[in-house]
> 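Quick one: this structure, given as structure tokens, is what I'll be asking you about.
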Amino acid sequence: STLGASAAEQGGRYFGTAVAVNRLNDSAYTTILNREFNQVTAENEMKIDALQPNQGQFNFGNGDRLVQHARSRGMQVRGHTLAWHSQQPGWMQNMSGTTLRNAMLNHVTQVATHYRGQIAWWDVVNEAFQDGSSGARRDSNLQRTGNDWIEAAFRAARQADPNAQLCYNDYNIDNWTDAKTQAVYRMVQDFKNRGVPIDCVGLQSHFTGGSNYPSNYRTTLSSFAALGVDVHITELDIRNAPSDAYRNVVNDCLAVSRCKGITVWGIRDSDSWRSNESPLLFDGNGNKKAAYNAVLTAL
Ligand code: XIL
């Protein structure tokens, strides 16, 4: 069997990967993609700098190419990401205040409208909280437009594409006892209490090794789920790809009914943004690694 087919048999879950659109020309890459995965996320091509390089000028070509590749093969698409402090185009980096708030909301509206009906989940806001013990919002030009920038982005996304599931996505929110995890949890709880439209939380889950795989990860997944949102493992990669850590992640997701699926952040180690750590399920030649077999067996 394959990762996607096995995940689908587990309550209709998905098993996906980040895709670099230029690699769709590499037949070894595309062969694995089309065989194994039933969900895709654009690794960079649907970020703000890619979609709106100049203010008011949208470049949907690469994003459209991925959506077309995926949807013609029955793969679901995660949109990544509408509002983020990073990978902003230069014109946006230099903005502040009301001008920036309006430009951000316009970007959300234009992009979500362009892809309306084609995106299963949007990462509406990415990485808005600080690491460490503060539990505070991350300082950024967007944060300085006012604390309500996140909910404003979610409301604009809902209005533009009412059928997309709207997610908050972040890293280092895997360990339940971390201040950052607790801070995101309280934000989601507050949004649910006040009727701010949010449907899901994405845990990026860029793990640095077996010892850093949090033993309370399942508690984190089930605690977010208990707020009435789905949870997604959105960017999984693990330094040196230990089979036991990969197996545990799969088992933890399967144990939580609202954990809808797992996306790994690339196909072959050579495709990874952390390629020197060999963190993925296929080696540079496209061969299945031990972690692949552990994942497939657990699914
Ligand atoms: C990374 C990509 O993999 C790289 O190619 C790019 O240079 C930087 O961004 N969190 C995220 C992803 O939400 O968008 C990031 O992707 C990895 C960390």
Side-chain angles (χ1 to χ4, degrees), residues 16-26 29 33 37 39-53 59 62-63 65-67 77-90 92-93 104 107-108 111 115 119-131 137-138 140 142-143 150 153-154 157 165-175 178 180-181 184 187 198 200-209 212 231-239 241 249 261-282 284:
T17 181
V19 170
V21 172
N22 65 325
R23 291 199 172 93
L24 292 175
N25 298 324
D26 171 348
Y29 179 89
L33 169 65
F37 298 98
Q39 183 273 335
V40 294
T41 305
E43 186 171 1
N44 289 295
E45 295 79 356
M46 293 170 78
K47 293 174 178 175
I48 313 171
D49 59 353
L51 291 186
Q52 198 181 172
N59 264 355
N62 284 330
R65 189 167 167 219
L66 179 61
V67 169
V77 182
R78 176 177 207 88
H80 176 77
T81 173
L82 294 171
W84 191 21
H85 70 277
S86 184
Q87 291 183 266
Q88 292 181 359
M92 185 179 277
Q93 291 176 34
M104 179 275 284
H107 184 83
V108 171
V111 173
Y115 287 112
I119 302 292
W121 314 272
W122 266 114
D123 289 332
V124 178
V125 170
N126 198 31
E127 301 183 344
F129 282 80
Q130 256 177 45
D131 292 313
R137 294 283 184 84
R138 174 196 296 276
S140 71
L142 290 168
Q143 179 61 28
I150 298 181
F154 274 84
Q165 298 274 295
L166 305 183
C167 300
Y168 175 78
N169 192 55
D170 214 330
Y171 67 92
N172 281 352
I173 58 167
D174 315 293
N175 190 324
D178 281 357
K180 186 172 176 181
T181 310
V184 172
M187 180 188 73
I198 185 167
C200 38
V201 172
L203 290 84
Q204 291 183 10
S205 304
H206 295 292
F207 293 132
T208 49
N212 286 316
V231 289
H232 299 259
I233 297 167
T234 53
E235 305 184 13
L236 181 63
D237 51 17
I238 313 178
R239 181 181 295 162
V249 171
I262 298 173
T263 307
V264 288
W265 205 240
I267 298 178
R268 302 163 303 194
D269 286 333
S270 50
D271 302 315
S272 172
W273 72 315
R274 303 165 65 186
S275 56
N276 57 330
E277 300 178 17
S278 303
L280 295 175
L281 302 179
F282 295 87

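All ligand and atom numbering here is 1-based and tracks the order in the structure.
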> Please find the pair of heavy atoms, one from Val111 and one from Trp122, that lie closest to each other, and give the distance.
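Heavy atoms only, the tightest pair is CG1-CH2, 3.6 Å.
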> Give me the pairs of N or O atoms, one from ligand 1 and one from the protein, that sit under 3.5 Å apart.
from, atom 1, to, atom 2, distance (Å)
ligand 1, 3 (O), Glu43, OE2, 2.5
ligand 1, 3 (O), Trp265, NE1, 2.9
ligand 1, 5 (O), Glu43, OE2, 3.3
ligand 1, 5 (O), Asn44, ND2, 3.0
ligand 1, 9 (O), Lys47, NZ, 3.1
ligand 1, 9 (O), Gln87, OE1, 3.2
ligand 1, 10 (N), Glu127, OE2, 3.1
ligand 1, 10 (N), Gln204, OE1, 3.2
ligand 1, 10 (N), Glu235, OE1, 3.0
ligand 1, 13 (O), His80, NE2, 3.3
ligand 1, 13 (O), Asn126, ND2, 2.9
ligand 1, 13 (O), Gln204, NE2, 3.2
ligand 1, 13 (O), Glu235, OE1, 3.3
ligand 1, 13 (O), Glu235, OE2, 2.8
ligand 1, 14 (O), Lys47, NZ, 2.7
ligand 1, 14 (O), His80, NE2, 2.7
ligand 1, 16 (O), Lys47, NZ, 3.2
ligand 1, 16 (O), Trp265, NE1, 3.3

> Will you find, in the side chains of Gln39 and Thr263, an N or O donor that is under 3.5 Å from an N or O acceptor?
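Short answer, yes.
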> Quick one: closest heavy-atom pair of Ala128 and Tyr168, and the distance?
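Closest approach of Ala128 to Tyr168: N-OH, 2.8 Å.
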> Would you call Asp26 and Arg23 a salt bridge, using N to O less than 4.0 angstrom?
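No, this pair does not count.
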> Which residue is it: His232, Gln204, His80, Lys47? I am looking for the one with a side chain to side chain donor-acceptor pair (under 3.5 Å) to Asp123.
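It is His80; the other options fail the test.
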> Which heavy atom of Thr181 sits nearest to which heavy atom of Asn175, and what is that distance?
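Shortest heavy-atom separation between Thr181 and Asn175 comes out as OG1-O, 2.7 Å.
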